[in-house]
Amino acid sequence: MASSSVFSTTLFLSLLFTSFFLPSSASNFHQSTDITWGDGRAQILNNGDLLSLSLDKASGSGFQSRNEYLYGKIDMQIKLVPGNSAGTVTAYYLRSEGSTWDEIDFEFLGNLSGDPYTVHTNVFSQGKGNREQQFHLWFDPTADFHTYSILWNPQRIVFYVDGTPIREFKNMESIGVAFPKNQPMRLQSSLWNADDWATRGGLIKTDWTQAPFTASYRNFNENACIWSSGQSSCGSNSSPAASDKPWYSQELDTDSEGKLKWVQKNYMIYNYCTDVNRFPQGLPPECNGTA
Ligand SMILES: *[C@@H]1O[C@H](CO)[C@@H](O)[C@H](O)[C@H]1NC(C)=O
C-alpha cells in the first residue's frame, strides 16, 4: 500500500511536471517549416529540434513556416552568427503576399567581433513601410539562444526580446493609419549577405575567410489563428475565446510599459518618429504621441 501511494505520487508529479514545465508546445521543424532556398545550406537537425542557416560566398539560405497566420504570437529562440559577422543579415519576419503586402520585421545586422549587433525593426501595412526603429541589445546574442517574439493581435503589434517589449505599434486606423488585419502572413527567415548597406552603412564588408556563417533556431512556437483555405482556425468570430488565446487581447501592463521605456531610453539607436530631416513635410501620423 505504501509503495502504491509512492508510485501514484510519483506519477502525479511527473504528469504535473510534463504538462506545466516542459516546453512541449515547441513545434518540430520537420513538420512546421519548409526550407525555401540555399541548396543544402539550411538544415534541420536533432530530429527536428534544431534548424540552422548558413551563408557562404556563393549563397545564403532560408526557411518559412508551413502555416499562415491571421493574428498570433510567434516565438523563436535564435542564436546569431558569432565572431566577425559584419555584412551578414539574419532576417526573421512575418509577411503576406502581393504588391500591397503586410510585414512585421526583425532583422539582425551583424558586426565586427566585439561590436554590437543592430536589431532593425519595421512594420509594413498594405505595402507601406518606412517605419524603422533600431536597437542594440543588453546581452551578446551570439553567446546563447534568446527568444524573439512577435505579438500581432487586432489592437497592436509588439516586438519582444526575452519577453521584454522593445517596440509597440498600435492599431491607429482611427487616425487613418492602415493596420495589418486581413492578409494572412507566414513566418520567413533567412541569412544573407548585405555588405552593401548593413554594417556602418556598408563601410564594413563581409570577411569571407570566416565563412560559412551560421545562425541556429530552436523552440519555434506558433500560438496563432491559422489561416487555411480562406478560413481562420479561430472561426469567424471577431474575438475568439480569451481563455485559450490570451495573446489575442494582450496589451502592455504597467510593468511591460516600464520595460519598454527602459529599452527605448537605453538601447534604441534609431527611431523614424524622431527623424525630422527625413520627413520634411511632417512626421507620419502614427508618430504623434504613440508609435
Ligand atoms: C557596429 O558597431 C558600431 C560601433 O559600436 C555601432 O555604431 C553600430 O551600430 C554597430 N552595428 C552595425 C550594424 O553597424
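Atoms within each ligand, like the ligands themselves, are counted from 1 in listed order. Note that this is a predicted model, so its numbers are computed, not measured.
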Which atom pairs, nitrogen or oxygen on both sides, join ligand 1 and the protein at under 3.5 angstrom?
residue	atom	partner	partner atom	Å
ligand 1	2 (O)	N111	ND2	2.5
ligand 1	9 (O)	H136	NE2	3.1
ligand 1	11 (N)	N111	ND2	2.7
ligand 1	11 (N)	P116	O	3.3
ligand 1	11 (N)	T118	OG1	3.0
ligand 1	14 (O)	R200	N	3.1

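With R95 as reference, E103 is the one residue of Q183, Q188, E103 to meet the side-chain hydrogen bond (donor to acceptor under 3.5 Å, both in side chains) rule.
Taking a 6.0 Å sphere around CD of E257, one finds it holds more than 12 heavy atoms contributed by other residues, nucleotides or ligands. Heavy atoms from other residues, nucleotides or ligands lying under 6.0 Å from CD of E97 number 12 at most.
A cation-pi contact links R218 to F145, judged by a cut-off of 6.0 Å to the six-membered ring centre and 45° from its axis.
In this structure, N111 and P116 approach most closely via the heavy-atom pair ND2-O, 2.6 Å.
Here R200 pairs with D115 in a salt bridge; the nearest charged N to carboxylate O distance falls below 4.0 Å.
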